[in-house]
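Presented below is the structure to which this report refers.
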2 protein chains.
Amino acid sequence: MPSRARVTLTRESVLDAAAELVRRHGPAALTMRRLAAELGTAVTSIYWHVGGREALLDALVERTMTGLGEIRPSGRTPEHRVVSIASSLRRQLRGHPHLVALVHERGLTERMFLPAQQALVREAHAAGLRGARAAEFVRAVQFQVVGHVLVERNRERAPAQNPGEAELWRAGTAGDDPALARALARPVDTERLFETTVRALVRCLLTARGTGPAGHGTVRGR
Amino acid sequence: MPSRARVTLTRESVLDAAAELVRRHGPAALTMRRLAAELGTAVTSIYWHVGGREALLDALVERTMTGLGEIRPSGRTPEHRVVSIASSLRRQLRGHPHLVALVHERGLTERMFLPAQQALVREAHAAGLRGARAAEFVRAVQFQVVGHVLVERNRERAPAQNPGEAELWRAGTAGDDPALARALARPVDTERLFETTVRALVRCLLTARGTGPAGHGTVRGR
DNA sequence: ACCTGAACACCGTTCAAGT
DNA sequence: ACCTGAACACCGTTCAAGT
């Protein structure tokens, strides 16, 4: 009260500072001591407001995730609308690159997809899928989108692979298909790849007619 | 020389001990000090043989990866063979659960797929795909398999989601489809999901006829 | 060529003590 | 109710010194 050189410390202000630290320098830069320095307080004050580092990260992930915004499907057919849901989620996650790492580290990748699930269920229903079939469709899209984002983010921060695709496909390993070798030596256009694969997956799963999902494994599913 | 209470320290023996530590207690347990204790040497000796922690992890990932074993496609059609390649890679990676985390942390997920690329290229050719189309196919499968493994491994070590799918789909949020709600509240059968999605993706990409991969721009794909 | 301990600059967390 | 510094038990890495 007397000095007021700083904003009064609250749970919110701690989370703000933490989020800013992560945004600017990545998750590794978020140490309790550095955060305290940024806030101009003693390290131990943070423990009073948000608990330890684990709790802090939990709260941070939670807050960022709820702020991600609505999923608004667009397009006329279910196929287009599902692709738009997937693209929209991907775009949102790419807008918070460090969040993806944070969420992954904390074993919460599944949570990243929860807000999109309802939207997907609606599209599955619109496409005539119900029950377990619809559930499988939702899960398939979920795994593919989240998985793609994880791989994409990962490769973005790994500039020099060793040995990378470029070297692997320089020699005559391509079975007399130089165009293929050239294509594989080039960096991936991940956005295009994302749309292509999601579209292919959706098309196949939504139009799969007949006796349910393709049989699998040793006996015969369902 | 005089005491010889321990095996002579070599680069190999250091890597052995490190791999064992990771296998038994996870990557977080691999600290230089603990490793030294395990080996019965001074911490600094490790630096002479393998360099710092980064170099150690690099070497560890490298060694484990080369020991993963061959990819042996089985099945009569390209579709079956591609699915078998994907399943085989997934199985190998699941046999080294900590490796996946290690590789991901180090931004090397792409490397996990390199040994499988050649096999996939052969199948793409056998299916009549060439050049950029074949490359896109390989990449699509790559992203999907690696992405799936990442998501799968991630959800395995996140026992209690909060709020999880179970809670989300308990209420009447399923649009009068109780079977769907029940299915989404249940844990995922990831193996089945993996096979279904890979099969769907492969089928769609291998049989896509016409003018090349689906258009992707802002306007309207194909 | 190989190994050592001491030292440095960091961590997260606890706890008794202040106001 | 809120904040503090001291202390504890850890980290990875460097470096001069040993043999």
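Residue numbers start from 1 in every chain, and the chains themselves are labelled A, B, ... in the order their sequence lines are given, proteins ahead of strands.
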Atom pair distance, as rounded to whole Å: CH2 in B/W48 and P in C/dC3: 8 Å
Separation of atom CG in A/L9 from atom P in D/dT4, rounded to whole Å: 8 Å
Separation of atom CD1 in A/I46 from atom P in D/dT4, rounded to whole Å: 10 Å
A/R111/A/E62 under side-chain contact (heavy atoms from CB on, under 4.5 Å): CA gap, chis, key distance, verdict: CA-CA 9 Å; A/R111 277 234 40 187; A/E62 190 59 38; 3.0 Å; yes
Residue whose nearest DNA chain D nucleotide is more 5′ - A/H49 or B/E54: A/H49
Given C/dC3, C/dG5, C/dG12, the nucleotide with the shortest approach to the side chain of B/A42: C/dG5
Between C1' of D/dC11 and OH of B/Y47, the distance in whole Å: 9 Å
Closest contact, heavy atoms only, B/D177 versus A/H125: OD2-NE2, 2.8 Å
Closest to side chain of B/R33, choosing from C/dG12, D/dC3, D/dC11: D/dC11
Sole candidate of B/V145, B/V149, B/V103 that passes side chain to side chain contact (heavy atoms under 4.5 Å, CB included) when paired with B/L93: B/V149
Nearest-angstrom distance from the residue atom CG of A/L56 to C1' of C/dT13: 14 Å
Under-3.5 Å donor-acceptor pair between B/T44 side chain and C/dG5 base: yes
Interatomic distance where CE belongs to B/M32 and P belongs to C/dC10 [whole Å]: 19 Å
Main-chain N/O of A/S87 paired to A/E191 side chain as donor or acceptor, under 3.5 Å: no
Check nucleotides 17-19 of chain D for protein N or O atoms closer than 3.5 Å to its own N or O atoms and list the pairs.
none

Touch class at under 4.0 angstrom, heavy-atom based, for B/S45 against every strand present: base
Of the listed nucleotides C/dT14, D/dT13, D/dC2, the one nearest the side chain of B/R53: D/dT13
For B/V138 against B/Q117, the heavy-atom pair lying closest together: CG1-CG, 4.0 Å
Counterpart base for C/dT13, defined by Watson-Crick or G-U wobble contacts under 3.5 Å: D/dA7
Rounded distance in Å - CG (A/L35) to P (C/dC11): 11 Å
Closest listed nucleotide, where the reference is the side chain of A/T31 and the choices are C/dC11, C/dT4, D/dG12: C/dC11
Proximity to the side chain of A/V43 - top-ranked nucleotide from D/dG12, C/dT13, C/dG12: C/dT13
Lys/Arg-Asp/Glu bridge criterion (N-O < 4.0 Å) met for B/R23, B/E20: yes
Centroid-centroid distance, A/H98 to A/H25, less than 6.0 Å: no
